[in-house]
Amino acid sequence: MAQYIEQLPYEIGRPARTWRSRAGVLGAFVAVGLVAYILELTEGMGTTGLRNIGPMGGATWGLYITFVIYFVGTSFAGISVAALVRLFNIKALEPITRTAELLTVVTLMLAAMAIAADLGNPVRGILNLLIYARPQSPFFGTFTLVISGYLFASSVYLYLEMRRDAAICAGTPSKYQKLYRWLAAGYSDTPAERRRHRKAGLWLAVAIAPLLVTAHSTLGFVFGLQVGRPGWHSALQAPAFVILAGVSGVGLLAVMAWLFRNSLHERRLGDDVFGWLRNILGALLLIYLYFWVVDLVTALYQGDRAELTVTRAVLVGPYAWIYWASAACLIIPMLIIIVQKAKRSTAVAPLVVAGAMVQFAAIGKRFLIVVPSQTYGTLLPYGAGSYIPSWSEFAIAVGLIALGALMIGAYARVFPIIPLEDPRGSED
Amino acid sequence: MTRYAMAIDLDRCMGCRACMEACKVENGTPKGSFWMYVFRLEEGTYPSSKLSFLPRPCMHCDNAPCVKVCPVGARYKREDGLVATDWARCIGCRYCEVACPYGVNNFNWSDPAEADYLDWNEAELPGDGESVIPPWRNPDLDEDSRPENRPIAGGGHSAGVIEKCTFCVQRLEKGLQPACVTNCPVDAFAFGDLDDPDSEVSRKLADKPSFRLLEEAGTEPRVYYVGDKHPEAEVHQVEAVEAKV
């Protein structure tokens, strides 16, 4: 195999003091989260702010479930970009395919960890879900389609797309040479191998593209199928979950593409990449805002007392600040994108601001779906409840986000986060 | 085949909450956990207010939302109609709790042994002078229940699992009535087999018009209420039990 490059790209393997200090800070957050989780394991879930619905007047699902949905939602990015590149042959997005796939794999792992944090019996959870799984439970889809199927397929996809670059990097003497050789696993970039990989990648993209809808829908069904909680039972729940997943996933991808562009000075992460992301984010935001309005009109127009109690708590009650902040975090990004399109502006910074803002909207909106229907949605006259997350829940949520950033950062330190340009030029 | 059901006479209930007490003693439930809960409800404001009482056990629904959503089949419907919780299989996801419109599920937020009302090691506890009263736990609760031989009886088993009213399955096995039924001073409860026209519950339901809670949710509860009417939306709870852990 010919030696393609003189030095490993993207400063891989070279000392980086800023990365080390940043990793240290992230590691500290992860450590605090880990301490909180160990406390939860030893003391029981009383360390959380969660309490029973009913006489105890609490919410039994809270921040953990909010972040499970947020993390799974964010994983939308990888598969959608892969599908666009593979199925619709959009070459412009190619430089961010790996970032997107990595984002998917990492956020799905975080989602699995957030589920573990939420389970009263995490070890029994893993065993019993394998032994006794019931397809009738909406959770079945979460565990099979999302956590197993989606994560596994995305990992395979990520790996297949990595082999060529691993083979290229293995040709350069470095401390990671052995790792690259192991990852390349005999791949040497012959035309036959290339064709085989293209084919495998295409079919894998075809196979996982339906997961874009089904996997994210199953999380919507967890709530949308329940009649016992006012505010949950709605056919709009599943499609809205899919679209908001797209909004948060594509938004975060824009932020990450900007981060890597700045830190790696990569000219291939150019305006056309961000242009595509802007278009996709804009379209998804528009659909989601439409869903939002439909949902609001339905909730306000009907007379059902229980539904109205929840709606009132959300619109003008104790949850109002989250509601209106989330609304602002969707409307302002929408306006940013509309103005940018109208002015034909290709500036990246406003898009990145929009991408960051929708993250808060995605978390806030999920919290509003999960919590008020428990604290204000009791159909028997229990009275209003309350839920304030404890420090340990915040610590675990922040720790998971830090862990995700750490994993992505570490990946970028040992492997080209942007697919290498073909030194021989594209032949097909 | 037995079809267990309960009828609660709201004209008789005086809100004394003796059923809640009996349930706790029989089933050893931890602090803050109320398998039976009695609402004391007020409609309007004093002086033109009306008081009413509403005991709320688990409804043991025929179309139970909690059974449908359980991802591992720890919550299941028995042939005799009981909705049971296999606490040894429960993974603690609490999906049953959010799915239930009645709020009857109780999660063990900490080790039940530490969430008791009394600290059994405390010296001031009344005793015979030499030692404190030993903590008492109903021995029947730790045995598997027939016919499935699954651990479903009683509460306070372990941290991180869901527990709820079992209609005192350990008492039913011995031919006894649930503890709340037996302990009611005014005989507000009728319990028995719906298939037996001479059972107490059948006779009660034949006697008087009845309703079930939140029937519009389609859950088909096995708990019927006679006398009075379904609580209106205008009622609010007074003297709520402070359930804390």
Side-chain angles (χ1 to χ4, degrees), chain A residues 41-48 50-61 65 115 118-140 142-143 222-223 225-230 232-233 305-306 309 370 373-374 377-383, chain B residues 32-34 37 39 41 54 56 65-74 86 88-112 114-115 158-162 213-214 216-219 231-237 240-245:
Chain A
L41 279 182
T42 51
E43 306 273 304
M45 291 189 75
T47 58
T48 66
L50 302 165
R51 290 296 178 265
N52 290 328
I53 301 169
M56 221 178 256
T60 197
W61 281 1
I65 295 287
I115 292 177
D118 190 65
L119 289 185
N121 253 308
V123 178
R124 203 189 272 174
I126 295 164
L127 292 176
N128 285 7
L129 282 170
L130 290 174
I131 308 171
Y132 302 114
R134 287 176 72 249
Q136 299 97 314
S137 170
F139 263 171
F140 185 74
T142 310
F143 292 119
V222 168
F223 303 91
L225 299 180
Q226 300 310 319
V227 288
R229 298 250 80 80
W232 280 9
H233 189 240
R305 182 180 281 266
T309 307
V370 174
S373 289
Q374 299 175 68
T378 49
L379 295 169
L380 293 182
Y382 287 111
Chain B
S33 183
F34 295 97
Y37 186 76
F39 287 99
L41 300 168
L54 183 79
R56 184 240 63 199
C66 58
V67 172
K68 284 197 222 170
V69 300
C70 180
V72 294
D86 184 339
R89 190 187 284 191
C90 174
I91 63 172
C93 71
R94 309 188 295 292
Y95 200 168
C96 50
E97 192 175 342
V98 296
C100 174
Y102 306 99
V104 307
N105 290 284
N106 290 276
F107 185 73
N108 287 343
W109 298 99
S110 57
D111 184 357
E114 288 166 22
S158 80
V161 298
I162 284 273
L213 287 180
L214 309 177
E216 65 280 7
T219 50
E232 298 290 327
E234 285 79 20
V235 298
H236 58 273
Q237 206 183 168
V241 171
E242 261 192 56
K244 285 213 174 101
V245 286

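Being a predicted model, the structure only gives us computed values, none of them experimental.
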Got a second to check how far A:Tyr132's OH is from B:Ile91's CD1, nearest 0.5 Å? 12.5 Å
Quick check for you: to the nearest 0.5 Å, what is the distance between A:Asn52 atom CG and B:Asn105 atom CG? 8.0 Å
Most contacts with chain A, counted as non-hydrogen pairs under 4.5 angstrom, among B:Val235, B:Leu214, B:Asp111, B:Val241: B:Leu214
Among B:Ser33, B:Cys70, B:Gly32, single out the residue with the greatest number of heavy-atom pairs under 4.5 Å to chain A. B:Cys70
With rounding to the nearest 0.5 angstrom, report the CD to CD distance, A:Glu43 to B:Glu114. 7.5 Å
Residues B:Glu97, A:Arg51; criterion salt bridge (Lys or Arg N to Asp or Glu O under 4.0 Å); working and verdict: CA-CA 11 Å; B:Glu97 192 175 342; A:Arg51 290 296 178 265; over 6 Å; no
Options B:Ala240, B:Cys100, B:Ala88, ranked by heavy-atom pairs under 4.5 Å with chain A, top entry: B:Ala88
Crowded around B:Glu242 CD? As in, over 12 foreign heavy atoms under 6.0 Å? no
Residue selection (most heavy-atom pairs with chain A, distance under 4.5 Å) from B:Pro231, B:Gly160, B:Ala217, B:Ala233: B:Gly160
Could you please spell out the steps behind the side-chain contact (heavy atoms from CB on, under 4.5 Å) verdict for B:Val69 and A:Phe139? CA-CA 7 Å; B:Val69 300; A:Phe139 263 171; over 6 Å; no
Is A:Val222 close to chain B through its backbone or its side chain, or both, or neither, when contacts mean heavy atoms under 4.5 Å? both
Top contributor to chain B interface from A:Leu225, A:Leu119, A:Ile53, A:Thr60 [non-hydrogen pairs under 4.5 Å]: A:Thr60
Heavy-atom pair count under 4.5 Å with chain B, highest-scoring of A:Thr47, A:Leu380, A:Ile126, A:Thr309: A:Leu380
Please report the closest heavy-atom contact between B:Cys93 and A:Trp61, naming both atoms and the distance. O-NE1, 2.9 Å
Residue from A:Asn121, A:Asn128, A:Ile131 passing side-chain contact (heavy atoms from CB on, under 4.5 Å) with B:Arg89: A:Asn128
So, does B:Gln237 use its side chain to make a donor-acceptor pair with the main chain of A:Tyr382 at under 3.5 Å? yes
May I ask you to test the B:Pro65-A:Val227 pair for a side-chain heavy-atom distance under 4.5 Å? no
Highest number of heavy-atom pairs under 4.5 Å with chain A: which of B:Gly218, B:Ala99, B:Ala159, B:Ala74? B:Ala99
Kindly give the heavy-atom pair with the smallest separation between A:Arg134 and B:Val72, and that separation in Å. CD-C, 4.1 Å
Between B:Phe107 and A:Met56, does a side-chain contact (heavy atoms from CB on, under 4.5 Å) hold up when you go through it step by step? CA-CA 11 Å; B:Phe107 185 73; A:Met56 221 178 256; over 6 Å; no
Among the options A:Ser137, A:Gly57, A:Gly46, A:Gly228, pick out the one with the most heavy-atom pairs lying under 4.5 Å from chain B. A:Ser137
With a 4.5 Å cut-off on side-chain heavy atoms, are B:Val98 and A:Gln226 touching? no
Under 4.5 Å from any heavy atom of chain B - which part of A:Leu127: neither
List in chain and number order the residues that pass ring-ring contact (aromatic ring centres under 6.0 Å, His included) with A:Phe140, two or more places apart in sequence or in another chain; answer none if no residue qualifies. none
Among the listed options B:Tyr102, B:Phe39, B:Phe34, B:Tyr37, the residue most often paired with chain A at heavy-atom distances under 4.5 Å: B:Phe39
Quick one: OG1 on A:Thr48 to CH2 on B:Trp109, what's the gap to the nearest 0.5 Å? 5.0 Å
Among A:Gly54, A:Gly44, A:Pro55, which has the most heavy-atom pairs under 4.5 Å with chain B? A:Pro55
Could you look at B:Leu213 and say if it's the side chain, the backbone, both or neither that has a heavy atom under 4.5 Å from chain A? side chain
What part of A:Thr378 is in contact with chain B, defined as an atom under 4.5 angstrom from a non-hydrogen atom: side chain, backbone, both or neither? neither
Calculate, to the nearest 0.5 Å, the distance between atoms CD and CZ belonging to A:Gln374 and B:Arg94 respectively. 9.0 Å
